[in-house]
Chemist: 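Sharing a structure here in structure tokens format.
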There are 2 protein chains.
Amino acid sequence: MIRVVIADDHQLFAEGLSQALAALPDTRVVGTAPSGPDLVALLARQPAEVAIVDLEMAGGDGLQAIRQIGATTPVIVVTMHTQMAAAAAEAGAAAFFSKGVPLAQLAAAIRAVVAGHKLLDLRGEDLSATLADYQQPELDPGAASLTQREIEVLQLLAKGVSSTEELADGLFISQKTVKNHLASIFSKLAVSDRTQAAVEAIRLGLAKPH
Amino acid sequence: MIRVVIADDHQLFAEGLSQALAALPDTRVVGTAPSGPDLVALLARQPAEVAIVDLEMAGGDGLQAIRQIGATTPVIVVTMHTQMAAAAAEAGAAAFFSKGVPLAQLAAAIRAVVAGHKLLDLRGEDLSATLADYQQPELDPGAASLTQREIEVLQLLAKGVSSTEELADGLFISQKTVKNHLASIFSKLAVSDRTQAAVEAIRLGLAKPH
DNA sequence: TTGGTCATGAGGCTGACGACCTATACGGGC
DNA sequence: GCCCGTATAGGTCGTCAGCCTCATGACCAA
């Protein structure tokens, strides 16, 4: 789980991005700050793997904050205007995006900079290739070993298909096989019944309850 | 469930807000558009109860779009700069906020304009009072009739406490009482077992799996 | 006082669930 | 060729879940 902090004085943007990252299975927002100095103070008491920073904040200097924290916490700059890229690079940011970027690309960038990449040093194809490598969320150790068929069982379970009979009908297999898959799922996810498995499936992002 | 469409050319903002509204139990984003004309086209094929519109979009005129759709779909303007309030009101917007507004307030505004209020006609205390009336999400009919104790059972269930024994221990009541509460919950939520009840509890926002 | 709801508790019944074991077929790797 | 993981399927067995009815005390409103 990658811990993210957000610095942006537009609360609606910060809350929305926070929810969006929380919906991903491998990222979690552990704090937000409305200004540069607040960001520095936040990171002093709340460790995080990466910071997402808007340069245009009413309450303080974003570039100065990046200089202070950039050495210990990689910074991804996300801003309205794109002419600040050079200044962000000079201050030590690891990546730079406009707010027009798709969420999936920001998520890939988060994983990439946490892995140690400096995206601002890359250009064009190198950048695209690096981001492509990090498109997929890193699943929990347990979830990572689930087979395709087990994931299908979990997805049905998380949609409210709970009885063995309905699961079997939905997957066109016998009830015995469903039970075998469930037993395997329980073992891999360290749970003991299908209710816990459904909750865990939703938590891991393997399936949505909606 | 209130269906919301978002018009904003900053994809990250639109996706974040979409996720944030999806996390609320009574709102859902059914479409996004990057420009005014796209918004008009979107609403022509996708009905919605309310539109959230940013006035500063690269691809088209937000004000013109509001004039076209404002009569049929109430519009909440959410923008970076606040000097456009008068123009938004003239075009027929129902509400106006900066992007610094907390999500909870935007959610209250969504519920208020769907109920027919014109927030732009209100000032100061009247506005605060109206928004305060809509702070609480309107729960599903089934969920609305749940008792406090039944909600507590559901919250434990959605956290992965699935066995009757653990539920009884967690609530300091007998296993028999837990079974009785569960039977009542199944009936009210129109589900047939605790797995479906847990999924439904997460979907309704009564509890979070995290 | 009466009636309603809520939270609590109980007994009995039936079927489903979960644990454990076995087995076949089909892959890919060594 | 052999082993291992996956998907499939079957069997047995003990436990537990879900459903039925019933009862009690607290609380509140008509």
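Sequence lines set the chain letters: A, B, ... in the order given, protein chains first and strands last, and positions in each chain run from 1. Note that this is a predicted model, so its numbers are computed, not measured.
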Chemist: Between B/Glu15 and A/Lys99, does any NZ, NE, NH1 or NH2 come within less than 4.0 Å of an OD or OE carboxylate oxygen?
Modeler: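 Looking at A/Lys99 and B/Glu15, the cut-off is not met.
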Chemist: Considering only side-chain heavy atoms of B/Thr177, which listed nucleotide, D/dA17, D/dA9, C/dT8, is closest?
Modeler: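 Of D/dA17, D/dA9, C/dT8, C/dT8 is nearest to the side chain of B/Thr177.
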Chemist: Counting side-chain heavy atoms from C-beta on, which of C/dA7, C/dA10, C/dC17 comes nearest to A/Thr164?
Modeler: C/dC17
Chemist: Where the side chain of A/His181 is concerned, which of D/dT8, C/dC17, D/dG18 is the nearest nucleotide?
Modeler: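 Closest of the options to the side chain of A/His181: D/dT8.
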Chemist: Select one nucleotide: of D/dA7, C/dA10, D/dG18, the one nearest the side-chain heavy atoms of B/Ser174.
Modeler: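 Within the option list, the nearest is C/dA10.
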Chemist: Return the value, rounded to whole Å, for the distance between atom CZ of A/Phe172 and atom P of D/dT8.
Modeler: 12 Å
Chemist: Please state how far atom CG in A/Leu182 lies from atom C1' in C/dC17, giving the value in whole angstrom units.
Modeler: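 Interatomic distance, CG of A/Leu182 to C1' of C/dC17: 10 Å.
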Chemist: Taking CG from B/Asn180 and P from C/dA10, how many angstroms apart are they, rounded to a whole number?
Modeler: 10 Å
Chemist: Nearest to the side chain of A/Arg194, heavy atoms from C-beta on, is which of D/dT8, C/dC17, D/dC19?
Modeler: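 Nearest to the side-chain atoms of A/Arg194, counting from C-beta on, is C/dC17.
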Chemist: Would you check if the distance from the ring center of A/His117 to the ring center of A/Tyr134 is below 6.0 Å?
Modeler: yes
Chemist: Can you find a pair of side-chain heavy atoms, one from B/Ile110 and one from B/Ile52, that are under 4.5 Å apart?
Modeler: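 Heavy-atom side-chain distance check passes, below 4.5 Å.
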Chemist: Can you measure B/Leu167 atom CG to C/dA7 atom C1' for me and round it to whole angstrom units?
Modeler: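 Rounded to whole Å, this separation is 16 Å.
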Chemist: Output the single nucleotide from C/dC17, D/dA9, D/dG18 whose closest atom is nearest the side chain of B/Asp193.
Modeler: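 For B/Asp193, the side-chain atoms sit closest to D/dG18.
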Chemist: So which nucleotide from D/dA17, C/dG9, D/dA9 ends up closest to the side chain of A/Lys176?
Modeler: D/dA9
Chemist: Of all the nucleotides listed (D/dT8, C/dC17, D/dG18), which has the minimum atom distance to the side chain of B/Lys179?
Modeler: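 That would be D/dG18.
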Chemist: Does a side-chain N or O of B/Thr147 approach OP1 or OP2 of C/dT5 to a distance below 4.0 Å, or not?
Modeler: no
Chemist: May I ask you to decide if B/Ala168's main-chain N or O and B/Gln175's side chain share a donor-acceptor pair within less than 3.5 Å?
Modeler: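 Checked: no pair found.
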Chemist: Rounded to the nearest Å, what distance is computed from the CG atom of residue B/Leu157 to the C1' atom of nucleotide D/dA17?
Modeler: 12 Å
Chemist: Identify whether any heavy atom of A/Gln175 sits under 4.0 Å from a base atom; if not, whether one sits that close to sugar-phosphate; answer base, sugar-phosphate or nothing.
Modeler: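 The residue A/Gln175 makes no contact with any strand.
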Chemist: Report the nucleotide, chosen from C/dT8, D/dA7, D/dT6, that has the shortest atom-to-atom distance to any side-chain atom of A/Glu150.
Modeler: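 Of C/dT8, D/dA7, D/dT6, D/dA7 is nearest to the side chain of A/Glu150.
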Chemist: Give A/Ser184 one of three labels, base, sugar-phosphate or nothing, depending on what nucleic acid heavy atoms sit under 4.0 Å from its own.
Modeler: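 It contacts nothing in the nucleic acid.
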Chemist: Taking atom P of D/dA17 as reference, at what distance in whole Å does atom CD of B/Gln196 sit?
Modeler: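 My rounded result for the distance is 16 Å.
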Chemist: Whole angstroms only, please: what is the CD-P distance between A/Glu165 and C/dC17?
Modeler: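 The distance from CD of A/Glu165 to P of C/dC17 comes to 9 Å, rounded to the nearest Å.
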Chemist: In whole angstrom, give the distance that lies between atom CD of B/Gln148 and atom C1' of C/dC6.
Modeler: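 Value for this atom pair: 12 Å.
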Chemist: side-chain contact (heavy atoms from CB on, under 4.5 Å) with B/Ile6: which of B/Leu42, B/Leu17, B/Val78?
Modeler: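 Answer to the side-chain contact (heavy atoms from CB on, under 4.5 Å) test with B/Ile6 among B/Leu42, B/Leu17, B/Val78: B/Leu17.
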